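Remember, it's a predicted structure, so these values are computed and weren't measured experimentally.
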Amino acid sequence: MSETDSMADAFLTQIGAHLKGYGYRIEDEKDSLTAYGDRISLPTLTVSRAGPGAIITIRFTVGEEASDDKPGFLSFLNGANRTAIVARFYEGDRGMIIEAWYPLEDVDEQRFRAFFNQLIEDINAPKRNEELVAKYFHSKSTISS
């Protein structure tokens, strides 16, 4: 194992430790970790190495309306991106994907918590449009699981 691989492992382990503080259950995988939320407000996410940092990926399943009304769904995603600070929303295979990147050199718990709190705020912001959430996700809870 190279020094870079060791650093990457330590980096992901440290992020996992920070996520445990939110109530996540962590499962380590070869090059990533999966964090399972214990509460409805904490979505399941994957953390993987990406360049000099990590990418946090959250996937949500959407209903048929997202395919049937593609322009409307893309407008919903664009609206989410306009208000997001650290997250990026886009259409993925059979769903919506939210990603956020965190730098390798900054694993300080306080700074990570500020970043992660903002990520949760970014994720929750689109839920305020209850009509579109109900249309594309069929229930408000689907966007949070």
Side-chain angles (χ1 to χ4, degrees), residues 1-63 65-67 72-145:
M1 182 180 285
S2 73
E3 187 176 323
T4 305
D5 290 339
S6 296
M7 281 179 38
D9 292 345
F11 177 58
L12 290 178
T13 298
Q14 200 160 9
I15 288 179
H18 295 331
L19 291 171
K20 283 181 183 177
Y22 282 89
Y24 277 99
R25 181 176 52 84
I26 306 299
E27 284 187 13
D28 290 314
E29 297 169 21
K30 184 178 179 195
D31 297 322
S32 64
L33 61 87
T34 301
Y36 298 94
D38 291 340
R39 300 187 311 262
I40 193 76
S41 62
L42 294 176
T44 296
L45 54 90
T46 303
V47 182
S48 307
R49 291 283 287 126
I55 191 98
I56 296 175
T57 305
I58 304 157
R59 297 177 185 278
F60 295 105
T61 303
V62 295
E65 277 293 325
S67 295
F73 182 61
L74 293 177
S75 178
F76 171 81
L77 295 177
N78 286 337
N81 282 319
R82 273 194 299 278
T83 62
I85 295 172
V86 299
R88 292 297 161 250
F89 295 73
Y90 59 94
E91 179 186 27
D93 186 33
R94 294 173 290 167
M96 176 180 73
I97 298 173
I98 303 171
E99 290 186 334
W101 184 83
Y102 191 77
L104 171 67
E105 67 274 353
D106 195 9
V107 290
D108 174 76
E109 183 176 10
Q110 227 176 359
R111 282 185 284 240
F112 181 83
R113 285 178 98 47
F115 161 82
F116 195 74
N117 288 341
Q118 185 59 59
L119 176 59
I120 295 299
E121 284 296 315
D122 288 355
I123 291 168
N124 286 325
K127 291 195 302 187
R128 295 184 187 115
N129 190 333
E130 294 180 16
E131 182 181 329
L132 290 180
V133 169
K135 178 178 181 178
Y136 298 126
F137 298 92
H138 298 296
S139 74
K140 285 173 73 173
S141 63
T142 307
I143 198 170
S144 297
S145 57

> Which heavy atom of P43 sits nearest a heavy atom of I120, and at what distance?
Replying inline: CD-CD1, 4.2 Å
>> Can you give me the closest heavy-atom contact between T57 and E99, atom names plus distance?
In response: OG1-OE2, 3.4 Å
>> What verdict does the side chain to side chain donor-acceptor pair (under 3.5 Å) test give for N117 and E121, after you've listed the backbone C-alpha separation in whole Å, the side-chain angles of each residue and the deciding distance to 0.1 Å?
In response: CA-CA 6 Å; N117 288 341; E121 284 296 315; over 6 Å; no
> Just how far is it from atom CG of L119 to atom CD1 of I58, taken to the nearest 0.5 Å?
Replying inline: 4.5 Å
> With a 4.5 Å heavy-atom cut-off, do L12 and D31 have their side chains touching?
Replying inline: no
>> Please find the pair of heavy atoms, one from V133 and one from P126, that lie closest to each other, and give the distance.
In response: CG2-O, 3.5 Å
>> Using side-chain heavy atoms (C-beta onward) and a distance below 4.5 Å, is L19 in contact with F112?
In response: yes
> For V86, which of Y102, F115, W101 qualifies under side chain to side chain contact (heavy atoms under 4.5 Å, CB included)?
Replying inline: F115
>> On a heavy-atom basis, which atom in E91 and which in L77 lie closest, and how many Å separate them?
In response: N-CD1, 3.4 Å
> Which value, rounded to the nearest 0.5 Å, describes the distance between L42 atom CG and R25 atom CZ?
Replying inline: 13.0 Å
>> Minimum heavy-atom separation for A84 and F89, please, with both atom names.
In response: CB-CE1, 3.9 Å
> Any side-chain heavy atom of F137 sitting closer than 4.5 Å to one from V62?
Replying inline: yes
> Given T13 and I26, is the side chain to side chain contact (heavy atoms under 4.5 Å, CB included) satisfied, shown in steps?
Replying inline: CA-CA 9 Å; T13 298; I26 306 299; over 6 Å; no
> Can you tell me if Y24 uses its side chain to pair, donor with acceptor, with the backbone of T34 under 3.5 Å?
Replying inline: no
> Roughly how far, to the nearest 0.5 Å, is the CE atom of M96 from the CZ atom of F76?
Replying inline: 5.5 Å
>> As an exercise, state the distance from CG of L33 to CD1 of I15, rounded to the nearest 0.5 Å.
In response: 7.5 Å
>> Please check: side-chain N/O of R49 versus main-chain N/O of G51, any donor-acceptor pairing under 3.5 Å?
In response: yes
> Would you find a donor on one side and an acceptor on the other, under 3.5 Å apart, between the side chain of Y136 and the backbone of F73?
Replying inline: yes
> Within the distance-only criterion (no hydrogens, no angle test), does the side chain of Y22 pair as donor or acceptor with the backbone N or O of R113 below 3.5 angstrom?
Replying inline: yes
> Atom OG of S32 and atom CD of E27: how far apart are they, to the nearest 0.5 Å?
Replying inline: 10.5 Å
>> Give me the atom names and distance for the closest heavy-atom approach of A87 to D122.
In response: N-OD2, 2.9 Å
> From L45 CG over to I123 CD1, what is the distance, rounded to the nearest 0.5 angstrom?
Replying inline: 7.5 Å
